[in-house]
A.B. asks: 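The structure that follows is given in the form of structure tokens.
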Amino acid sequence: MISAPVRRSLAGSLRNKIAGPDGQKAAERIWRTEGERWFAPGDPIWRVHSDASMFTGGVRALLLQSLHPLAMYGVAEHSGYQDDPWARVASTSTYIAETTFATIEHAEAAIARVRSIHRYVRGTTPDGEADTYVAQAALPATRLGVEDAPRTVAELRATIEDYRPELEVTPPALDAARLVLREPPLSPWARPAYGCIATAAVATLPAWARDMIGVRARRFAMPLGRVTTAAVAWVISEPAVPRPGAAPSD
């Protein structure tokens, strides 16, 4: 059994990786600022984004995104993710937390901040509950500038299918897959747990995406991923900052 001090140390280390050095300050702002919020604790988007399965979902999302050449060339040319991938993770996780859990004022500020960054991204390319979750995720996406954001699972799947003719395995895609799957910037003791999460993420990808990236779903990937995710959830189950007792407004 892991002792309480060891558990706290592991939780702190994990939070520092995911949320960055300013994670505590961001958590204080997100959870302790009073005010109206877009979503409430019972909403699907709140429940999904609070769950440790987001670690697996994040890896899956990165791998799927890597197949879109425009997205990846933009990341490769305008982002230093290879030099400091955890800074990229921290900024993304903070954005998701702010647009899900923070006050509307702070959520809008986070969206405005990202939009201002995206204005300078220019370049030349070388060439049910689930429905409610998608609809809720469309709110900040639309404010961010996404046109016709999907609002149901069926629309989301159709959107991904519509993008398939544009997808290809580019050098930036291979670099991203290598970093995410084979050479994660982690200490040796953290790699086995991360490997289980990454293996589960690969198993959840569409078969066509796995074929393009050159990976395969392994036996027992999903059960192993669930066990690892549960372990991570237990480690970080005590929030770094006390959360408001009253549910925020819809």
A.B. asks: State yes or no: do Val169 and Trp208 share one hydrophobic cluster built from I, L, V, M, F, W and Y residues joined by side-chain heavy-atom distances below 4.5 Å, directly or via other members?
C.D. replies: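 Yes, it is one cluster - the side chains of Val169 and Trp208 are joined through contacts under 4.5 Å.
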A.B. asks: Count I, L, V, M, F, W, Y as connected when their side-chain heavy atoms are under 4.5 Å apart, and connections chain through other members. Are Val227 and Phe55 then in the same cluster?
C.D. replies: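 Each belongs to a different hydrophobic cluster.
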A.B. asks: Can you check whether Val48's main-chain N or O pairs, donor with acceptor, with Asp51's side chain at less than 3.5 Å?
C.D. replies: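 Not a single qualifying donor-acceptor pair exists.
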A.B. asks: Would you check if the side chain of Thr229 reaches a backbone N or O of Arg226 as a donor-acceptor pair within less than 3.5 Å?
C.D. replies: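 Such a contact is absent between Thr229 side chain and Arg226 backbone.
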A.B. asks: Report the distance from atom CE of Met212 to atom CG of Leu205, rounding to the nearest 0.5 Å.
C.D. replies: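 Those atoms lie 11.5 Å apart.
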A.B. asks: Within 45° of the six-membered ring axis of Trp46 and under 6.0 Å from that ring's centre, is NZ or CZ of Arg37 located there?
C.D. replies: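 Negative - Arg37 is either too far from the ring of Trp46 or too far off its axis.
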A.B. asks: In plain terms, say whether Lys25 and Glu28 are close enough for a salt bridge, that is, a side-chain N and a carboxylate O under 4.0 Å apart.
C.D. replies: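 No, this pair does not count.
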A.B. asks: Are side-chain N/O atoms of Arg60 and Thr204 paired as donor and acceptor at under 3.5 Å?
C.D. replies: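 Yes, Thr204 and Arg60 have a side-chain donor paired with an acceptor closer than 3.5 Å.
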A.B. asks: Do Leu224 and Leu186 share a hydrophobic cluster, counting only Ile, Leu, Val, Met, Phe, Trp and Tyr and linking them when any side-chain heavy atoms are less than 4.5 Å apart?
C.D. replies: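 No, it is not one cluster - the side chains of Leu224 and Leu186 are not joined through contacts under 4.5 Å.
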A.B. asks: Do other residues, nucleotides or ligands put more than 12 heavy atoms under 6.0 Å from Arg191 CZ?
C.D. replies: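 For Arg191, atom CZ is crowded (more than 12 foreign heavy atoms under 6.0 Å).
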A.B. asks: As an exercise, state the distance from CG of Leu174 to CG of Leu179, rounded to the nearest 0.5 Å.
C.D. replies: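 Going from the CG atom of Leu174 to the CG atom of Leu179 covers 12.5 Å.
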A.B. asks: Do Val146 and Thr142 pass the side-chain contact (heavy atoms from CB on, under 4.5 Å) test, and can you show the C-alpha distance, the side-chain angles, and the key distance before you say yes or no?
C.D. replies: CA-CA 5 Å; Val146 177; Thr142 300; 5.6 Å; no
A.B. asks: Kindly indicate, with the supporting measurements, whether the criterion side-chain contact (heavy atoms from CB on, under 4.5 Å) is fulfilled by Leu10 and Trp189.
C.D. replies: CA-CA 11 Å; Leu10 288 173; Trp189 66 265; 3.7 Å; yes
A.B. asks: Walk me through it: do Tyr194 and Leu181 pass the test side-chain contact (heavy atoms from CB on, under 4.5 Å)?
C.D. replies: CA-CA 9 Å; Tyr194 175 82; Leu181 298 177; 5.7 Å; no
A.B. asks: Would you say Ser116's side chain and Arg113's backbone share a donor-acceptor pair under 3.5 angstrom?
C.D. replies: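 Here the side-chain-to-backbone pair exists.
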A.B. asks: Go through Ile236 and Arg15 one step at a time and tell me if the side-chain contact (heavy atoms from CB on, under 4.5 Å) criterion holds.
C.D. replies: CA-CA 8 Å; Ile236 61 173; Arg15 287 194 183 100; 4.1 Å; yes
A.B. asks: Under 3.5 Å, side chain of Ser93 to main-chain N/O of Ile18, donor-acceptor pair present?
C.D. replies: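 Confirmed, Ser93 side chain pairs with Ile18 backbone.
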A.B. asks: By the definition salt bridge (Lys or Arg N to Asp or Glu O under 4.0 Å), identify the one residue from Glu34, Glu105, Glu98 that meets it with Arg29.
C.D. replies: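 Of the listed residues Glu34, Glu105, Glu98, the salt bridge (Lys or Arg N to Asp or Glu O under 4.0 Å) partner of Arg29 is Glu98.
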A.B. asks: Let me confirm one number: the CG-NE2 distance from Leu167 to His68, rounded to the nearest 0.5 Å.
C.D. replies: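 Leu167 atom CG to His68 atom NE2 measures 6.5 Å (nearest 0.5 Å).
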A.B. asks: Would Tyr133 and His49 count as a close aromatic pair, with their ring centres under 6.0 Å?
C.D. replies: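 Centroid distance Tyr133-His49: below 6.0 Å, so yes.
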A.B. asks: Does any part of the side chain of Pro140, heavy atoms only, come nearer than 4.5 Å to the side chain of Tyr95, both counted from C-beta?
C.D. replies: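 Yes, close enough: below the 4.5 Å cut-off.
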A.B. asks: Does Asp162 CG have over 12 foreign heavy atoms under 6.0 Å away?
C.D. replies: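 Yes, the 6.0 Å shell around CG holds more than 12 heavy atoms from other groups.
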A.B. asks: Is there a donor-acceptor pair closer than 3.5 Å between any side-chain N or O of Ser13 and the backbone N or O of Ser9?
C.D. replies: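 No; judged by distance alone, with no hydrogens or angles, the pair does not exist.
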A.B. asks: Is a side-chain N or O of Arg182 found less than 3.5 angstrom from the main chain of Ala177, in a donor-acceptor match?
C.D. replies: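 No; zero donor-acceptor contacts below 3.5 Å.
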A.B. asks: Would you confirm whether Gln136, through its side chain, and Ile45, through its main-chain N or O, come within 3.5 Å as a donor-acceptor pair?
C.D. replies: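 It does hold such a pair.
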A.B. asks: Do side-chain atoms of Arg115 reach the backbone of Leu144 as a donor and acceptor pair under 3.5 angstrom?
C.D. replies: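 Yes; at least one donor-acceptor contact below 3.5 Å.
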A.B. asks: Of Asp175, Leu63, Val202, which is the lone residue that meets side-chain contact (heavy atoms from CB on, under 4.5 Å) with Val180?
C.D. replies: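 By the side-chain contact (heavy atoms from CB on, under 4.5 Å) criterion, Val180 pairs with just one of Asp175, Leu63, Val202: Leu63.
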A.B. asks: Using side-chain heavy atoms (C-beta onward) and a distance below 4.5 Å, is Leu156 in contact with Val134?
C.D. replies: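 Yes; the side chains approach each other to less than 4.5 Å.
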A.B. asks: Would you check if the side chain of Thr199 reaches a backbone N or O of Gly195 as a donor-acceptor pair within less than 3.5 Å?
C.D. replies: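 Between the backbone of Gly195 and the side chain of Thr199 there is a qualifying donor-acceptor contact (under 3.5 Å).
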A.B. asks: Is it the case that the side chain of Ser50 and the backbone of Arg47 share a donor-acceptor pair, with hydrogens and angles ignored and the cut-off at 3.5 Å?
C.D. replies: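 No.
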